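Proteins get letters first, then strands, A, B, ... in listed order; numbering begins at 1 in each. It should be emphasised that the depicted structure is a prediction, and the values quoted were computed from it without experimental measurement.
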Protein chains: 2
Amino acid sequence: MTSGCQKLPQPASVATVNGDHGKRPTIYDVAREAGVATSTVSRALAKPDRVNARTREHVLEVAKRLGYRTNPLARALPSGRTQTVALFVSDVTNPHFFGIIRGAEQQTRAAGCTLILGDTEESPDLESGNVERLSGSVDGFVIAASRMSDREIRELAGRHRLTLISRQVEGVPSAIVDHEDGTRQIIEHLASLGHTSVVYLAGPRRSWLAAKRWQVIRTTARQFGMSATRLGPFPPAVRGGAAAADAAFGHGATAAIAHNDLLAIGMLRRFAARGLRVPDDISVVGYDDIFGADFCSPPLTTLAGQFEEAGRLAVDLLLGSRDGHRRSRSASQVVLPSHLVIRDSTGPAPARQ
Amino acid sequence: MTSGCQKLPQPASVATVNGDHGKRPTIYDVAREAGVATSTVSRALAKPDRVNARTREHVLEVAKRLGYRTNPLARALPSGRTQTVALFVSDVTNPHFFGIIRGAEQQTRAAGCTLILGDTEESPDLESGNVERLSGSVDGFVIAASRMSDREIRELAGRHRLTLISRQVEGVPSAIVDHEDGTRQIIEHLASLGHTSVVYLAGPRRSWLAAKRWQVIRTTARQFGMSATRLGPFPPAVRGGAAAADAAFGHGATAAIAHNDLLAIGMLRRFAARGLRVPDDISVVGYDDIFGADFCSPPLTTLAGQFEEAGRLAVDLLLGSRDGHRRSRSASQVVLPSHLVIRDSTGPAPARQ
DNA sequence: TTGAAAGCGCTAACAG
DNA sequence: CTGTTAGCGCTTTCAA
């Protein structure tokens, strides 16, 4: 199973290009060439101000001449600091994570570190398994839309540096987009259009977001005198849309809130295929404002948020650049604003027949 | 600049959870506890068949009891093998790369390795810079849609293990989707619809694909008695579509081939905004069949390919699992089949006025 | 300010 | 089959 990574033929022309017998020069080579001790080379490279200016210049010059490149592994061994951060998402092909990935990548790079990306395929076991596997080669973890239980997360956070995206667990730093307030906005929007009955097409059973959203939909709907029903769970992907659409239609609601845009887009397609008009017959709302939400038919009303910023923040929290000073008792739980983007998939409730 | 990754506060309750003073047990701990030498522990872990069955059992049992986890850094230092592969894409937010990323991730994991993802932002310098930076922490590189020159790539391939996706360079292993034949299919399709004049909305100047495609469009169009014009370059993103659409319309062609689906979708939107009908007034074709190509308006005719497989293959080629035996003189250059997906954005050429 | 030397945790000869 | 002993390349006391 792990055999694939064993035999690695050398690059074709290694000897041709690299003069030094194909081996990278080490600080020993530099030290010898420069006539100083290895520790001096190490200092000149890592903490330039703790070395005489002239020797530093000299060492650096020699290092450059020899084409010296510091070996990150060797550097990491004593310190344990790998300058690497791992990001796990539940599905790399879900456009929802694009912004998160991009933001995390940017911030990681800005901090001089490297990002490792993992796909956990909606599986809590793959999440914890990956953490264990990479623990040791990574300085910390960012988990987006974790499917683990609060207990598992807290346990993991106790043993590893860990921050969360789109998930809140007490005592664990996190960055989320305000979907509670956002969900309220959705209900208000639907209420203002005269809808009195709404269904929520739920996401995965283990999704914390799905639970939270349903909770807010339920209580807010009640405030507005609307009936609310939860259907599902459905896979949070376009392919889940057919079943979701049929369920929503079967229920007879005039408005449907899908767990995410992928599901909503899938529903749109199914409605079209069945000859139902959106929003005339039924209104549809999604979450995330993903790529495509603006050009599907009809363009989707959806809750947008700063997910790229969430990615950046999560990395910041992990590396301590932002919350470093005020490390209060409770871990920082950042909530980013969200706003409802109203497009054409929502409209006035159809007149009661 | 690299300060962000320095100070890393320990996880909150490390002492609470971890009995051993918060330090991970090493093979020394296991060896002492098991009453054997460290080398025996090492063997029991790494090459189980080179150790007495009973001692192995014992060692493994002790290791588990102590919660031993092998330190990948320490393991990698002597061997230089990090069990890690880096994948660079020119833009992480381009859905085109989803399949590639997913395929590469899968195959890497299947080989017991870990994938590092990098965004090179369309910059050849970032590509080579990233390679240099990660060289040493990675066993090899996969670069998708490289913007480097052939010379640079060859030079890099000489010093590092490297495979390419969507790019062919002599002597460097690669996996591409057959866009030459695919482009031919596109032209044939347009010709069969009666189009006699086609424009190619070109991708980035440094894009090898863009150059290749134009070349095939040009020669094939001639064979079919069509006129072909290249316009651009345009940014290969939705936002590039407005300029591309205007240019295509201004040119007066009845068919437009966009460098990729992102650009094509952007064009579709611009045409709609300007009141032009697709395909009645102008036909539009894209490349990649990305997420969204099937539900934009109108759904896009585009060239589809097995990009996920390309991702898998590139990793395979890198790790040597597939081409290991037949390491012939010329590096393997795999070409995957492509096929034209005909949707509603192409139609009969408008009658000549 | 610089050098000598002892590791970081694991692997790989080389003996036994 | 198992133990001893060097390293891998870099950092880091501790002296000088």
Rounded distance [0.5 Å steps], CG in B:Leu313 versus CD in B:Gln107:
8.0 Å

Determine the contact category for B:Ser79: base if any of its heavy atoms lies under 4.0 Å from a base atom, sugar-phosphate if only primed atoms, P, OP1 or OP2 are that close, otherwise nothing.
nothing

Any base atoms under 4.0 Å from A:Val41, or only sugar-phosphate, or nothing? Heavy atoms, all strands.
nothing

Within this structure, what is the [atom1]-to-[atom2] distance between [X] and [N], rounded to whole angstrom?
X: A:Ile27; N: D:dC8; atom1: CD1; atom2: P; answer: 12 Å
X: A:Arg69; N: D:dC10; atom1: CZ; atom2: P; answer: 11 Å
X: A:Leu77; N: D:dG7; atom1: CG; atom2: P; answer: 17 Å
X: A:Gln83; N: D:dT11; atom1: CD; atom2: P; answer: 11 Å
X: B:Leu73; N: C:dT11; atom1: CG; atom2: C1'; answer: 15 Å
X: A:Arg50; N: C:dT2; atom1: CZ; atom2: P; answer: 12 Å
X: A:Leu45; N: D:dG9; atom1: CG; atom2: P; answer: 15 Å
X: B:Asn71; N: D:dC10; atom1: CG; atom2: P; answer: 17 Å

Donor-acceptor pair present, [X] side chain and [N] base, under 3.5 Å:
X: A:Tyr28; N: D:dC10; result: yes
X: A:Arg43; N: C:dG3; result: yes
X: B:Ser39; N: D:dT5; result: no

If you measure from the Lys or Arg side-chain nitrogens to the Asp or Glu carboxylate oxygens, is any gap between [X] and [Y] under 4.0 Å?
X: B:Arg109; Y: A:Glu121; answer: yes
X: A:Glu57; Y: A:Arg54; answer: no
X: A:Glu61; Y: A:Arg65; answer: yes

Select one nucleotide: of [options], the one nearest the side-chain heavy atoms of [X].
X: A:Thr40; options: D:dT2, C:dT2, C:dC10; result: C:dT2
X: B:Val51; options: D:dG3, C:dC10, D:dT2; result: D:dT2
X: A:Ala74; options: C:dC10, C:dT1, D:dG9; result: D:dG9
X: B:Thr38; options: C:dT11, C:dG3, D:dC10; result: C:dT11

Does [X] make a side-chain N or O approach to OP1 or OP2 of [N] shorter than 4.0 Å?
X: A:Thr55; N: C:dT2; result: yes
X: A:Lys47; N: D:dT12; result: yes
X: B:Ser42; N: C:dC10; result: no

Check: A:Arg24/B:Ser135 side-chain N/O donor and acceptor closer than 3.5 Å:
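There is such a pair (donor and acceptor under 3.5 Å, judged by atom type) between the side chains of A:Arg24 and B:Ser135.
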
